[in-house]
Number of protein chains: 2
Amino acid sequence: MRPTIKDVARLSGVSVATVSRIVNGLPGYSPETMKKVTAVIKELGYTPNAVARNLVSRKSNTIGVLLPQLSSYFAARLLQGIEGEARKRGYSVIVCNTDSNGVRTMEYLNLLREKQVDGILFASEWLKEEYADALTSLGIPAAVIATVSTAPKIPYIKVDDQAASFSAVQYLIRRGHRKIGMISGTKDDPISGTPRIAGLKEALSEADLPFEEGLIEYGDFGYKSGYEAMKRLAERNPSMTAVFSASDEMALGVFSYCYEKGISVPGDLSVIGYDDTDIAMMSIPPLTAVHQPIQEMGKQAMKMVMELIGGGQAESVFMPYEITERDSVKNLH
Amino acid sequence: MRPTIKDVARLSGVSVATVSRIVNGLPGYSPETMKKVTAVIKELGYTPNAVARNLVSRKSNTIGVLLPQLSSYFAARLLQGIEGEARKRGYSVIVCNTDSNGVRTMEYLNLLREKQVDGILFASEWLKEEYADALTSLGIPAAVIATVSTAPKIPYIKVDDQAASFSAVQYLIRRGHRKIGMISGTKDDPISGTPRIAGLKEALSEADLPFEEGLIEYGDFGYKSGYEAMKRLAERNPSMTAVFSASDEMALGVFSYCYEKGISVPGDLSVIGYDDTDIAMMSIPPLTAVHQPIQEMGKQAMKMVMELIGGGQAESVFMPYEITERDSVKNLH
DNA sequence: TTGTAGGCGTTATCAT
DNA sequence: ATGATAACGCCTACAA
């Protein structure tokens, strides 16, 4: 049995109220009682019970984070940003791997409600209407990361996918590429799918280049799907000189395909990735990619919910992106 | 205000005890009251308050996981294993990034105690005596992952580092390598450092090969340190034909160094990694590495604490490892 | 089958 | 400067 505030009170001959005051640094006791009580606390190794505290304070100092896929550099970085900021502010974070599973997501939402978390962060996945509804009806402050939300109460934080995509393709075009393939994310993903393709079209048209449906393939952001998509793309478009991948991992998939086929990168084919996760700098050749400040986004998202929890407002924000130049793109000029 | 059990009781004209029974699936009420109460619960959108429950049940259905570095494939995979098993059993996991910081670790330990977590998982880092003492004095069931514990109450789960290291080097030797460099982890790390070097020595002596201090360099398991270590190693040992890296990321560091210097892998130099995280298969060439069942270890660790929480015993266990053969090692015969 | 009441560990309001 | 004491939301004997 861990000692309770009562034990401390009894052994030091004071009331629980006094002990509570001392423990919480509130005024209302003489230096002597302070000494005595403190001594007893040390002796017993007393620590306040946060559960009891939470019950009366009606807050848990805990937030829940919903992620579609826990094992990726993206998630890891994001979590690092969130956890760091949370710790600073005295919050704990509960991780919830939804595995992009609807049922699991809803279950976690309910669990978080029951556990009385003070806030919820939802990341990297299209916020289905069902989720948005659940989230708002829960009445728990929430923010979404790397995706959007139409619910006014739920701000989002992300980079402008279309603009970033536009920049990436423009980057390629400016270096002389005219036949550019794209490996997009999930086909109808309204967040990381469609907008990035829109960015491609935009850049193409700006340069008076034709948009060809055949130059697009779809993956699921993972390595293997990138390899497969590249295979289909390459077989169909032998004259392609560059490919824009919607994720770093898929870009590595195209690296592997090229390696197998003896296609030199960037010699024969230029590749640009998206996210700029840790693997981008570790690949061979180092991958040029659209950089998203992932960790910072986690940090900011945490700040946003904190603001909401405090009763304030929080505006959705677009984070800046940039092209991190490395060695996977060749200048054709 | 969220509805409480009292609200449900009042609106359905029964006592809170009855509502409690219904909510918890305990016997003791007529079908009619059941119907009525259930209806009210639906109508109000009532959900039990886990905090209050935890207070009376004295358990939180939550475990804390301490990790030295959150952003890596290793941590991500581990977390995935832990979270998956936890979810299955109705547990939540709180992530704690210690950043290998002593103070932070102790603070988290205290926090977890205050939050009344039912169990603690400590991963990938040498369990200092200070931590071990704190952990045992907390009186919370705990288990350590990918590291050892001398405390009898705290079981560990890991692979036999020395044996795995021995196998890796032997693998190299059997393929004709005689001048083998090693990039070890932190110099005095008694877990991932010393034992792996011991395995190297063992394999060397078994093959009557000399052990040379100059063939060892130290890193911190990260990519950059691998690159740097390789640089020192290569400059000192031009005739080296293979290197054994204590982590996949460091192995990628050597890949990069070789790429820059025009050293072909595995043509001129063979490389074998350790962990076999996701990046091993994504690298070019695909990295041959000692495979650790990371996710499974997380899962098993979770099972172990659950066993301890249930009042049972849990033996420390060594997980099997294997060499995942890919294309980074050349057979010299 | 159902209700009453005490208690889980704290905080906070009112007295004293 | 202190101490009762009533919540907080729920569970669980113990009664009825």
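Every value quoted in this text rests on a predicted model; they were computed, and no experiment measured them. Throughout, a chain's letter reflects where its sequence line sits, starting with A, and its residues are numbered from 1.
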At less than 4.0 Å, is any side-chain N or O atom of [X] found next to OP1 or OP2 of [N]? Yes or no.
X	N	answer
Ser20(A)	dT11(C)	yes
Thr4(B)	dC8(D)	no
Arg53(A)	dT11(C)	yes
Ser57(B)	dC8(C)	no
Arg58(A)	dG9(D)	yes
Arg21(B)	dC11(D)	no
Thr18(B)	dT1(C)	no
Lys6(A)	dC8(C)	yes
Asn49(A)	dC8(C)	no

Mind checking [X] for me? I need base, sugar-phosphate or nothing, with any heavy atom below 4.0 Å counting as a touch.
X	answer
Asn54(A)	nothing
Val23(A)	nothing
Pro48(B)	sugar-phosphate

Which residue, Arg113(A), Gln116(A), Glu114(A), forms the side-chain hydrogen bond (donor to acceptor under 3.5 Å, both in side chains) with Thr47(B)?
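Answer after filtering Arg113(A), Gln116(A), Glu114(A): Arg113(A).
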Whole-Å distance between [N] [atom2] and [X] [atom1]?
X	N	atom1	atom2	result
Ile5(B)	dT2(C)	CD1	C1'	14 Å
Gln116(A)	dC8(D)	CD	C1'	11 Å
Lys35(B)	dT1(C)	NZ	C1'	16 Å
Glu32(A)	dA1(D)	CD	C1'	10 Å
Arg10(A)	dA4(D)	CZ	C1'	17 Å
Lys36(B)	dT1(C)	NZ	C1'	12 Å
Leu26(B)	dA13(D)	CG	P	10 Å
Leu55(A)	dC10(D)	CG	P	9 Å

Would the distance check show the side chain of Thr38(A) and the main-chain N or O of Lys36(A) forming a donor-acceptor pair, the cut-off being under 3.5 Å?
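Side chain of Thr38(A) to backbone of Lys36(A): no pair is present.
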Donor-acceptor check, side chain of Thr18(A) to backbone of Val14(A), threshold 3.5 angstrom: yes or no?
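Absent.
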Over 60° means perpendicular and under 30° means parallel, so classify the ring planes of Phe122(A) and Tyr131(A), tilted if in between.
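Ring orientation, 0 to 90° scale: tilted.
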Can you figure out which of dA13(D), dT2(D), dT11(C) approaches the side chain of Ala17(B) most closely?
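The listed nucleotide nearest to Ala17(B)'s side chain is dA13(D).
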For DNA chain C, whose closest nucleotide is more 5', that of Met34(B) or that of Asn24(A)?
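Its nearest nucleotide lies further toward 5', so the answer is Met34(B).
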On DNA chain C, does the nearest nucleotide to Val16(B) precede the nearest nucleotide to Val56(B) from the 5' side, or the other way round? Give the residue.
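Its nucleotide being nearer the 5' end, the pick is Val16(B).
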Do Tyr156(B) and Leu127(B) have side chains that approach each other closer than 4.5 Å (heavy atoms only, starting at C-beta)?
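Not in contact.
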Sub-4.5 Å side-chain heavy-atom contact between Met319(B) and Gln300(B)
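Touching, per the 4.5 Å side-chain cut-off.
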